[in-house]
Amino acid sequence: MMISKVVGSVVATQKDEKLENLKLLVLEVHDQNGKAAGSYVVAVDSVGAGLGDMVLYATGSSARQTTLTDGRPCDAVTMAIVDSWDLGGDNVYEKWKDV
Amino acid sequence: MMISKVVGSVVATQKDEKLENLKLLVLEVHDQNGKAAGSYVVAVDSVGAGLGDMVLYATGSSARQTTLTDGRPCDAVTMAIVDSWDLGGDNVYEKWKDV
Amino acid sequence: MMISKVVGSVVATQKDEKLENLKLLVLEVHDQNGKAAGSYVVAVDSVGAGLGDMVLYATGSSARQTTLTDGRPCDAVTMAIVDSWDLGGDNVYEKWKDV
Amino acid sequence: MMISKVVGSVVATQKDEKLENLKLLVLEVHDQNGKAAGSYVVAVDSVGAGLGDMVLYATGSSARQTTLTDGRPCDAVTMAIVDSWDLGGDNVYEKWKDV
Amino acid sequence: MMISKVVGSVVATQKDEKLENLKLLVLEVHDQNGKAAGSYVVAVDSVGAGLGDMVLYATGSSARQTTLTDGRPCDAVTMAIVDSWDLGGDNVYEKWKDV
């Protein structure tokens, strides 16, 4: 999994029927220090993530292991909203201290 | 999934029989700001995408989850035509405003 | 899938028994303009491709969806010989015009 | 698999139910010489790894082959704590000599 | 598959039970010209490869298609020892001429 920030969403009405009713988020991939890594991915939201949330996403066949994405043509899914993470015991990010 | 633009197509008559009757598109991968990212992929079309359309594509085993690509030796599929996407609330791309 | 050129082959007598009787090709990955992209992959041939042919290859579990590669420890397969492809309506490559 | 060092952990209370009770580690990817390679991954811990441990992690569908991660939306897992490795017969890393 | 050289091995006693009795090799990835490409991977040995051997390895779910690795949390496997390969008809590597 990688850490990323929800920065946007995608609207697509003409799509494979198995994608109906799934919310598509634009995720900005972040490094372990919480800085934007310069890449992005479009992922299906399975946890009710909102704009600005730091989330974990999984890719490949693992992205189809949530109840929501099972059997669907989806190769990336947000499956957790990050509360905090630390490196070497020091807090890098804390959701509730984020301005 | 990644955002990409349909820029071409591939013709191949000598191929695995499971690829018969599938349309092969050349997709130019785009970044989240709508700029070409310098890479491409050849994907099976599952949504009737045409030249110039912005589409989402999925890779790996997820590319075989559409009815059209199930069980076929295909590792990339377009499964949605993008109408629009936004970043931080600002519209980056809108299909119907695209000249 | 990616476009590539068949540039060589690999001989390996000591191998997993499931790889017996499969032809292993060295593929030079090409970009959408038909130029060598600086990387390569070794793929199982499922279409009778020969030296100099432009081919499409698929990777990952999709590489095991041909009759030939089903259930084998093979993560790349050529599944189509390219006749031609175009970008924006202009022909980039045509097999029969290639000197 | 790649070699990496456990450098932190991630806390996430709002997540897919299949991720309950899994420990999420931040892994710093290392090269074969034992130097940090500049990238990271968040992986589920299946071996009781602790801060500072060198571990092996597996990605993709292989990350779901441990008893702990079977059927879960997890695309990276630590499945071994490294005692030592060598290159050309010379020891590069030994756990018990590490200060 | 990619070409690589066996340059070392990894010892890990604390690991997922499904990894018991598997030999873990450090592989240096090589390019099509036989030069080290600057990256590595740790792979399970399924062919009795030894230090200095040039081997092919497969990744992802394909790495679990050997009898040895079936159902195990392993995302890379050596499944062939390379005898030779050629580019454009010229031999690049021959095992028995290698000093």
Side-chain angles (χ1 to χ4, degrees), chain A residues 2 4-30 36-46 49-55 57-79 98, chain B residues 1-4 6 27 29-35 37-39 41 43-50 53-72 74-98:
Chain A
M2 301 289 282
S4 63
K5 184 189 267 189
V6 180
V7 294
S9 60
V10 176
V11 177
T13 46
Q14 194 174 336
K15 58 191 166 190
D16 188 86
E17 59 186 3
K18 294 184 188 168
L19 284 173
E20 294 295 335
N21 302 318
L22 294 181
K23 192 175 167 190
L24 297 165
L25 299 175
V26 181
L27 305 180
E28 181 182 57
V29 183
H30 279 232
S39 60
Y40 82 101
V41 68
V42 176
V44 168
D45 176 32
S46 81
L51 200 65
D53 278 343
M54 298 301 287
V55 297
Y57 71 91
T59 59
S61 56
S62 301
R64 301 196 309 270
Q65 306 298 316
T66 69
T67 309
L68 198 66
T69 54
D70 184 35
R72 299 178 192 245
C74 142
D75 64 6
V77 71
T78 62
M79 32 35 122
D98 200 38
Chain B
M1 284 75 71
M2 301 288 282
I3 297 167
S4 64
V6 180
L27 305 180
V29 183
H30 279 233
D31 67 18
Q32 72 271 43
N33 299 309
K35 295 199 179 117
S39 60
V41 68
V44 168
D45 176 33
S46 82
V47 283
D53 277 343
M54 298 301 288
V55 296
L56 291 178
Y57 70 93
T59 60
S61 57
S62 301
R64 301 195 310 270
Q65 306 297 316
T66 69
T67 310
L68 198 66
T69 54
D70 184 34
R72 299 178 192 246
C74 142
D75 64 6
V77 71
T78 63
M79 30 36 119
I81 297 178
V82 174
D83 292 325
S84 66
W85 81 86
D86 66 275
L87 290 180
D90 296 321
N91 230 21
V92 174
Y93 168 83
E94 244 183 289
K95 186 173 177 171
W96 307 113
K97 285 191 179 166
D98 201 39

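Here is how names work: the chains are called A, B, and so on, in the same order as the sequence lines, proteins then strands, and each is numbered from 1.
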State, with a plain yes or no, whether a side-chain heavy atom of A/Val7 is found less than 4.5 Å away from one of B/Gln32. no
Which bit of B/Ile3 is near chain A, if near means a heavy-atom gap under 4.5 Å: side chain, backbone, both or neither? both
Is there a side-chain contact between A/Asp16 and B/Gln65, using heavy atoms and a 4.5 Å cut-off? no
Between B/Leu68, B/Thr78, B/Ile81, B/Asp90, which has the largest tally of heavy atom pairs under 4.5 Å with chain A? B/Ile81
Where the side chain of A/Asp75 meets the backbone of B/Ser62, is there a donor-acceptor pair that is under 3.5 Å apart? no
Taking the side chain as everything from C-beta on, heavy atoms only, tell me whether B/Met1 gets closer than 4.5 Å to A/Val44. yes
Nearest heavy-atom pair of A/Lys18 and B/Thr67: which atoms, and what distance? NZ-N, 4.3 Å
For the CD atom on A/Glu20, are there more than 12 heavy atoms of other groups (residues, nucleotides or ligands in this structure) within a distance under 6.0 Å? yes
For chain A, which of B/Gly88, B/Ser46, B/Gly89 has the most heavy-atom pairs under 4.5 Å? B/Gly88
Name the atoms and distances for all side-chain donor-acceptor pairs under 3.5 Å in residues 22-29 of chain A, with sequence neighbours left out.
from	atom 1	to	atom 2	distance (Å)
A/Glu28	OE1	A/His30	NE2	3.1

Which atoms of A/Arg72 come close to chain B, meaning under 4.5 Å heavy atom to heavy atom: side chain ones, backbone ones, both, or neither? backbone
Rounded to the nearest 0.5 Å, how far apart are CG of B/Asp83 and NZ of A/Lys15? 8.5 Å
Interface check, chain A: of B/Val77, B/Leu56, B/Val55, most non-hydrogen pairs under 4.5 Å belong to B/Leu56
So what's closer than 4.5 Å to chain B heavy atoms on A/Ala76: side chain, backbone, both or neither? both
